[in-house]
Number of protein chains: 2
Amino acid sequence: MTAPRTPGRDVAVARGRRPGRSVGDDRESAILATAERLLQRRPFGEISVDELARGAGISRPTFYFYFPSKDAVLLTLLDRVTEEADAAACNVLDRLAEDPRSRWRELIARFHDTFGAHRAVVLACAEVRATNAEVRRLWARVLERWVQAVEAAVVAERRRGAAPDGLPARDLAIALNSMNERVWYATFAGDGPAIDERDVVDVLLELWLTCIYRTTDPARVG
Amino acid sequence: MTAPRTPGRDVAVARGRRPGRSVGDDRESAILATAERLLQRRPFGEISVDELARGAGISRPTFYFYFPSKDAVLLTLLDRVTEEADAAACNVLDRLAEDPRSRWRELIARFHDTFGAHRAVVLACAEVRATNAEVRRLWARVLERWVQAVEAAVVAERRRGAAPDGLPARDLAIALNSMNERVWYATFAGDGPAIDERDVVDVLLELWLTCIYRTTDPARVG
DNA sequence: GAGGTCAGTCAACACTGCGTCGACTGTAAT
DNA sequence: ATTACAGTCGACGCAGTGTTGACTGACCTC
């Protein structure tokens, strides 16, 4: 579902033929690269399958040999970005008690950097999410992971007495993640009221700390 | 820009002809009603101009007599909803000092009720905002008004000593409004991690109070 | 080295939805 | 009666999507 369907290569691999790189691998990469390049210039909806194909040096019908649709290309791109974000954020919350403020900042900053580096893809996904159930599902799954990670961290901080009780941890985690998502979107898209890109990490950090600890300067482990 | 172009009627009115309701008024309303009705069932992108026209008892070309595009219909619908929200929220922040918690709650609850009552339109706008500059502009303008109202309220609360200093009031106002928008979207759309519709007002209220006052129980006027 | 298989390719087609043009009708003011 | 205009729509052109069916060339197998 998530990965692009490349029937030919799957069959080949299954039968042990063509173990090395094939023409198809290059074409597939070329399509993905073309997509990310074109997305820097203009929105996803204004890019046609034909342009994607031409950009990769193939005809439109051939495009459909590699991807079932334009959306599937974006889905693959999104998959990579979220994997990158997951990798960057991984384990950051594990040793939260040592220095809560720095850890939370690291988490937010890493997401900011990853999304910022791939803003074209992220913005395109926000655009397509509304119309494409596949993208919606993938984003929901990814978000759910992040929500659960934050929820667990909040519960742990409360248990050790660093954070006060209050809202259900899950609701808090959903709201904070939602806030980040929308704030980053506004900042990167640049339309409507937005926080300056240079300030956004610190602003979000202050709000996270305030909501979780009710102070801007949470205590270290006692 | 925002209102639908109905050239015929404007001309008529300008020359003093047809002072009463014309056929055109009915058709226009019928199109809008059809749009809002169809939106309950399925997303905006899956509704064609033809359906809108048929639903209003006219042919597709005739639709274009009333609206320049499908998006313009949604724009008109959005305009009404935001006006309703503005009206509902109007003056709520004026006498904040009397009972901050209740006032903020009223503000959030009224937005919640308005958006909830027209969730189909709101969700459709979120869908189209990505591809339609007109909708984007309108939403940005509306949001800017709300951000400024909240910013002013925060400044006032700080000035009277009820709220502590901290983040720039504008950044705070942007972040809180962004949070609400995204959280409501998730709640009403029902995909991905979301806060239960019955709890969402209270969850948002707690977070607003915490972020603005660093307490859940802000003081009344001293 | 003849025949088979399969990755990879694309011209041509069918389909859907958008927006426009130009011709038409009915009503009401002059 | 003529003029004017709100209101209507059949028929068109256009752009983009996704599919079909036929082709090429590499390579494997006997």
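In what follows, every chain begins at residue 1, and chains take the letters A, B, ... in the order their sequences are listed. Note that these values count all heavy atoms, side chains included, but never hydrogens, waters or copies made by symmetry.
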With sequence neighbours left out, write down each residue that passes side-chain contact (heavy atoms from CB on, under 4.5 Å) with [X], or none if nothing qualifies.
{"X": "A:Glu197", "answer": "A:His112, A:Arg119, A:Thr187, A:Phe188"}
{"X": "B:Asp202", "answer": "B:Arg105"}
{"X": "A:Glu36", "answer": "A:Gln40, A:Leu77, A:His118, A:Val121"}

Check your understanding: Are A:Glu106 and A:Arg103 within salt-bridge range, i.e. N to O under 4.0 Å?
Key -> yes
Review point. Which letters describe nucleotides 16-23 of chain C, given B = protein heavy atom under 4.0 Å from base, S = only from sugar-phosphate, - = neither?
Key: --BBB---
Check your understanding: Among all residues two or more places apart in sequence or in another chain, which pass the salt bridge (charged side-chain N to carboxylate O under 4.0 Å, His left out) test with A:Arg198?
Key -> A:Asp196
Practice item. Applying salt bridge (charged side-chain N to carboxylate O under 4.0 Å, His left out), name anything that partners B:Arg170, two or more places apart in sequence or on another chain. Key: B:Glu144
Rounded to whole Å, please give me the gap between [atom1] in [X] and [atom2] in [N].
{"X": "A:Leu52", "N": "D:dG16", "atom1": "CG", "atom2": "P", "result": "13 Å"}
{"X": "A:Ile58", "N": "C:dA11", "atom1": "CD1", "atom2": "P", "result": "12 Å"}
{"X": "B:Phe65", "N": "C:dT25", "atom1": "CZ", "atom2": "P", "result": "18 Å"}

Point to revise | N or O in side chain of B:Thr62 less than 4.0 angstrom from D:dC9 OP1/OP2 | key: yes
